[in-house]
Number of protein chains: 2
Amino acid sequence: MGSIALGSSCDFRIEDMLVKEEDIDRASRSLKAISHPLRLKILCVLGDKEVSVQDIVDNVGTSQSNISQHLAILRDKGILASRKDANRVYYRVGDYRTLRLISMMQEVFCSAPH
Amino acid sequence: MGSIALGSSCDFRIEDMLVKEEDIDRASRSLKAISHPLRLKILCVLGDKEVSVQDIVDNVGTSQSNISQHLAILRDKGILASRKDANRVYYRVGDYRTLRLISMMQEVFCSAPH
DNA sequence: TTATTGTATTTGTCTATACTAATATACTAC
DNA sequence: GTAGTATATTAGTATAGACAAATACAATAA
């Protein structure tokens with residue numbers, strides 16, 4: 001009871017789901033940071049690569065100021081890490097867990113089969 | 001290149017990640033609906049069960065009005081389904097994909113090992 | 001040094017969201 | 001019918017978020 005078969009390699013138990021307030025608050029903070037179209041697109045543009053702000057601006061398509069503000073939000077929440085090289089700043093997804101979550105969301109939300 | 005090994009049973013390819021505006025908008029709308037502490041807690045209280053509003057109120061811990069408003073948001077976004085039985089209304093997570101996502105978030109965000 | 005490029009921050013404004021309190025609706029029981 | 005219970009909705013207010021425009025900062029190039 002409480003176990004749902006989801007496929008050959010991925011089951012989960014309901015009892016293991018998030019229960020602690022602390023976990024819930026942390027998860028909702030991170031999700032809130034991710035759940036904005038531009039920020040989600042930034043994450044998708046980044047993928048597992050390291051990309052300069054300029055390239056992010058070109059790929060995402062809004063003002064430099066706006067991108068910078070969204071990058072700050074993602075950086076402050078620990079979603080992104082950054083590195084400065086000469087004139088430019090390069091951003092990357094901070095950890096594997098977030099990369100995994102993005103991939104998972106693609107599985108859940110994307111229309112295209114995979 | 002572009003492939004990240006995440007474990008024995010779950011790899012993903014960056015090229016497969018969300019790219020279409022449509023997918024991004026849909027995902028961000030759903031994530032926004034989920035990324036509120038009370039709504040996330042509602043989802044966790046529900047799990048794979050069907051729970052009455054009264055029981056949700058008791059478990060989540062805020063006013064009936066507030067819960068009802070959050071339930072409406074989740075219902076309107078298609079996250080939850082509801083069923084009326086006599087005096088009561090029972091809510092449940094609408095589809096397996098969302099249940100999976102909640103479980104995935106638990107993997108990504110929760111402190112406890114699993 | 002000044003000019004230029006790349007990025008960040010500040011400020012103001014507009015919109016969206018969250019919450020409470022009160023009220024409305026729907027159903028049951030009597 | 002009335003009273004009571006369960007849920008939804010509305011209205012008002014308060015807070016947070018998003019965006020643009022302007023400016024600041026940092027590094028390089030000349």
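No experiment lies behind these values; they were computed from the predicted model shown.
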Taking atom [atom2] of [N] as reference, at what distance in whole Å does atom [atom1] of [X] sit?
X: B/D76; N: C/dT17; atom1: CG; atom2: P; value: 12 Å
X: B/R83; N: C/dA26; atom1: CZ; atom2: P; value: 19 Å
X: A/L74; N: D/dG17; atom1: CG; atom2: P; value: 13 Å

Donor-acceptor pair present, [X] side chain and [N] base, under 3.5 Å:
X: B/Q69; N: C/dT20; result: yes
X: A/Q64; N: C/dA8; result: yes
X: B/N87; N: C/dT28; result: no
X: B/S65; N: C/dA21; result: yes

Exercise. Between A/R39 (side chain) and A/L74 (backbone), is there a donor-acceptor pair under 3.5 Å?
Worked result: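 No; zero donor-acceptor contacts below 3.5 Å.
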
Problem set entry | N/O donor-acceptor pair under 3.5 Å between B/S68 side chain and B/Q64 backbone |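 Answer holds: no.
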
Problem set entry | Pair A/D23 + A/R26, salt bridge at N-O below 4.0 Å |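 The answer is yes: the pair qualifies as a salt bridge.
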
Problem set entry | Per B/K32 side chain, nearest of listed nucleotides D/dT28, D/dC19, C/dT17 |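 Looking only at side-chain atoms, B/K32 lies closest to C/dT17.
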
Problem set entry | Among D/dT7, D/dA27, C/dA8, the nucleotide that comes nearest once only the side chain of B/Q54 is considered |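 The nucleotide sitting nearest to the side chain is D/dT7.
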
For this session: Tell me what B/Y91 touches on the nucleic acid: a base, only sugar-phosphate, or nothing, going by heavy atoms under 4.0 Å.
Result: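 It contacts sugar-phosphate atoms only.
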
Exercise. Taking A/L71 as the fixed residue, which of A/V89, A/L38, A/I56 is the one that meets the side chain to side chain contact (heavy atoms under 4.5 Å, CB included) rule?
Worked result: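 Testing A/L71 for a side chain to side chain contact (heavy atoms under 4.5 Å, CB included) against A/V89, A/L38, A/I56 leaves exactly one candidate, A/I56.
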
